Every structure is written in structure tokens, then in C-alpha cells.
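Shown next, in C-alpha cells, is the structure this report addresses.
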There are 2 protein chains.
Amino acid sequence: MNHQADTRRPLSRERILDKAVALADEAGIDSVSMRNLAGRLGVVPMALYKHIANKEALLDGMIERIVSEIEPPTRGTDWKSGLRRRILSARSSLLRHPWASSLFESRTAPTPVVLDYMDSIADTFLTGGFPPDLTHQIMHTLGSRMWGFTQELFPSPPAPSDPGVREQVISQMAAHWPHIVVVASAADHTGEGIVGAGCDDQYEFEFALDLLLDGFERLRERRLSS
Amino acid sequence: MNHQADTRRPLSRERILDKAVALADEAGIDSVSMRNLAGRLGVVPMALYKHIANKEALLDGMIERIVSEIEPPTRGTDWKSGLRRRILSARSSLLRHPWASSLFESRTAPTPVVLDYMDSIADTFLTGGFPPDLTHQIMHTLGSRMWGFTQELFPSPPAPSDPGVREQVISQMAAHWPHIVVVASAADHTGEGIVGAGCDDQYEFEFALDLLLDGFERLRERRLSS
DNA sequence: ACCTGAACACCGTTCAAGT
DNA sequence: ACCTGAACACCGTTCAAGT
């Protein structure tokens, strides 16, 4: 038994979720299997099933842990800065656990904790003067950015450390996809301008978030004035 | 052999991908396993490995099929309407295969076909007068909407067909999450206004897309005039 | 009440062998 | 050159049995 299993403490939902999150942080989400997790807890796989219905429930429980870390809404601010702050808090919560955003994407049914968060976001808009139908549309528009993440579909290859090799990779890419290379090299807010290195995810996230929030504000003004 | 395997035709990458797409359409992406797929082709699992490196390569090949269905760029239009048209074409391509967007989300490394598409999107912006750094930022902002989909994180439970039961579910939800119910019921562009039924995904997608495109245009004007 | 052992029906992938 | 058989190291989950 090389995982120092603590067989004295009894198993519990809490202890299982703690270990699941720790295991995912340490070895990636793929290593969170019922069997492996049980092994880490010094227990036979079936022992888990007395505390957690099945694997889906385990994953939902892990999501719950992440969502619980998000800052509660701050009262007394305008909708825009309050929301901005809260979403950036959700983001930092997600960033602490690199597996979290892909797990989020894979879930289909929302749990109560997830609904609580969405309810409070809806409340922020409604209280901020957005009519319900507009709130509906802009919440769809916000999408996963409500949880502080975006799908990273743009290629950011692990840039080779050797500058010569890197140069070569870039020129090979440029032969096939010249516009991608131009655009990828133009992330000049870090002052580097190198493919796969000059892109600051936090900057990009806030850029997109602010574009959306400004867009929402404009729609709200248009509604209120008509 | 109840899957009418055609043992006369030789196996090929094309034939494997055809069957994989058909299998996913018919039985869901989870049923696309190397073993099950091989069975449908009347062949032993290992036979696939002579034509496709591994499961990852199979999934990448399936993505390729989807991306190939997207309309090529139309020359002679302004960047905005050309892009809008192309993205909506990507969307209809994705909608033909319900498993496609979640498969997209799961991929990490872009294939050449994927890079081709992104290169042509970048080209559209650059040719349309966007400087490279702004193009970089707005392509991040566009995110998965470039491919015609958004994560559906808003709860849309399968609405019970019985109106009485439905009424009851809604009032139970309203007890815990009143704002969600208000907002979900407000999708009045279909004239229904019922949770889980009144929401038109295509309308929501176009709403969000247009908000983004308008935002991009405004940023471009600001740059050009400064 | 809580944990265990053995089993079932699956995975992706390897290796050496067949034709 | 292309396909096969057997095996390895895994999955999630069931059931009946132990303490």
C-alpha cells in the first residue's frame, strides 16, 4: 500500500471528493477512475458506491467544489462591475484546477449548486434593469464565459525552447497557413510577438468579456430609451 | 454477422471514416469504439490499425469530415456578411451531426484541415482591414462560434409533455431558482414562453454572433479613425 | 451499516502469427 | 501487404457474501 491510505478515518462523500480533486490536480482528470480513486483511498472500488451513486455523480461533485469557491455577489455595485468581478473570480477558481473547464464542458445536466450560480447571475441582470427576454439572450451570448472560461480552439503549440528550431517551425507553418502566423505573432501586448508565447490568456479573456459587457450595456440603453 | 458487413470491399481510411460518422449519427459518439467500429465493418479490431494510427487519429478524421462540409469563402462580399454566411454554414454542418460539437471541444491539437479553415477566417479579417493584433484578439473572442457552435450551459430540461406536470416542475424550480425561471420563460421570439420549449437555438446563436460582429466593426472603426 | 470478492461486459493497444 | 488471435492492462458496475 504505497499511497499511505488512511484506513482509520471512515469513508465519506467529503473525503472521496477531496481525494478526487487532489488526484485530478496531481495526475489529470483521466486518472480519476473509480478504481484508481478507490486505490488512493485504500479501499476496494465498490466501497465508493455506498457514498456516491456512480461516476457521473462523482464528476458532478467535483464541479460543485469548483463552483463553491466562486466569490458570492457583492451588493452595492452597479451590475457591470459587480458581474465583471464575479466572473473573474470564477475564472481564477477554474484556473486553480486545469482539468475543470473541460469537465464543465462535458457535463449535461446542471446540479443545484450550478443552478444557484446561474440564478444569481440572472438576478444581477434583472436587478440591473435588463428585461427578462434580453437577459435570456445575453446569458446565452455570455455562454461559458459566465463560468470564467472560453474554449481554447486557437493553436498554441508548445513552443520549442531552441530559438533556431522555433524559427524553423514558424516558417514551415507560414508556408501553409500564412495568415495564422501573422495573427498569432501579433499578440504584442506582452512585447514578445512569438507564436505560442506572446499570448496572454487573461488579457484575451478580459478583452472578450469587456466587449460583451459593453455590447450588453448598449442593448440595454437602446431598450430603455425606446 | 448481423451488421451486413461488406467483406468484399477492402478496408481503407475512407471506408473506416464513413462508417465511424454513420455510427456516431446513428448511435452516438460513445458507441464509436475501435472494437465496435471494427465489428460494424466485419473485421477484427486490429485491422483498423493498418489504416488509422489510433483512436485519436480516428476522431481527428471525423472532425475533418465535418470541416470539409463547410462552404468555401465567397469572394466579392464585405468581410462582415461573408463571415456571417460562412459561420452559419459551419453551424448547419455541425447540426447535421449532433455529436460533432462535443467532439470539437475534446480535441486538443488542430489538424491541417482545421488550420486551413482558421487561416481563411484570419484572411477574411486581415483583408477586411483589421490590423493583425486586433484580429488576434477578436478571433479569441469569437472562440467556438467560429465553428458555428456555443456551449449550451443553460439548462433546457426535456419538458414534460403533460401540461399539468410541466406546470408543477416549473413552480418547483421557481421556488429555488426564481430568476432562472423568469429568464427562461422570456424567450418570447417563438411566442410560447415555456421553460425548455420557447428557446430557439438558431435565434440565440445569430443574436450572439451579430453582437460580436457589431462589436468587432466598432473596434475596427475606432482603430482606423485614430 | 459498511466494506469485500468475484464476476460481467466492456475499453485501447501490443505482439507474434497466419495467409 | 493485409488481416487475425491471443493477451495485457485497464474501465464502470452488478450481485451475493462477509463482518
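Chain letters run A, B, ... following the sequence lines, proteins first, then strands; residues in each count from 1. From a predicted model like this one, the values you see are computed outputs, not experimental measurements.
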Is A/R91 close enough and on-axis enough to A/F205, meaning under 6.0 Å and within 45°, for cation-pi?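 Output yes; distance and angle both within limits.
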B/R86 and B/S120 side chains, donor-acceptor separation under 3.5 Å: yes
Does the side chain of B/W99 come under 3.5 Å of the side chain of B/D30 through a donor N or O and an acceptor N or O? no
Name all residues meeting the ring-ring contact (aromatic ring centres under 6.0 Å, His included) criterion together with A/W177; count only those two or more places apart in sequence or in a different chain, and write none if there are none. none
Fill in the dot-bracket string of DNA chain D, one character per base: . for unpaired, | for a pair to another strand, ( ) or [ ] for pairs within the strand, taking Watson-Crick or G-U pairs under 3.5 Å. ||.|||||...|||||.||
Summary of protein contacts for nucleotides 7-19 of chain D, nucleotide by nucleotide, where a base hit scores B, a sugar-phosphate-only hit scores S (4.0 Å, heavy atoms): B---BBBBB----
Please enumerate all residues that pass side-chain contact (heavy atoms from CB on, under 4.5 Å) together with B/R84, with sequence neighbours excluded. B/L88, B/E206, B/L209, B/D210, B/L213
side-chain contact (heavy atoms from CB on, under 4.5 Å) against A/T135, all qualifying residues, sequence neighbours excluded: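 By the side-chain contact (heavy atoms from CB on, under 4.5 Å) rule, A/T135 matches A/F125, A/L126, A/F130, A/M139, B/V183.
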Pairs in or reaching into residues 46-57 of chain B: which pass side-chain hydrogen bond (donor to acceptor under 3.5 Å, both in side chains), with residues at least two apart or in two chains?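 Those involving residues 46-57 of chain B are B/E56-B/R107.
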In whole angstrom, give the distance that lies between atom CG of B/L48 and atom C1' of D/dG5.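 So the CG-C1' distance, B/L48 to D/dG5, works out to 15 Å.
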Euclidean distance, atom CZ of residue B/R15 to atom P of D/dC2 [Å, nearest integer]: 14 Å
Counting just side-chain N and O atoms, does A/H51 come under 4.0 Å of either OP1 or OP2 of C/dC2? no
Would you mind checking if B/K19 and B/E14 are paired as a salt bridge, meaning a charged N to carboxylate O distance below 4.0 Å? no
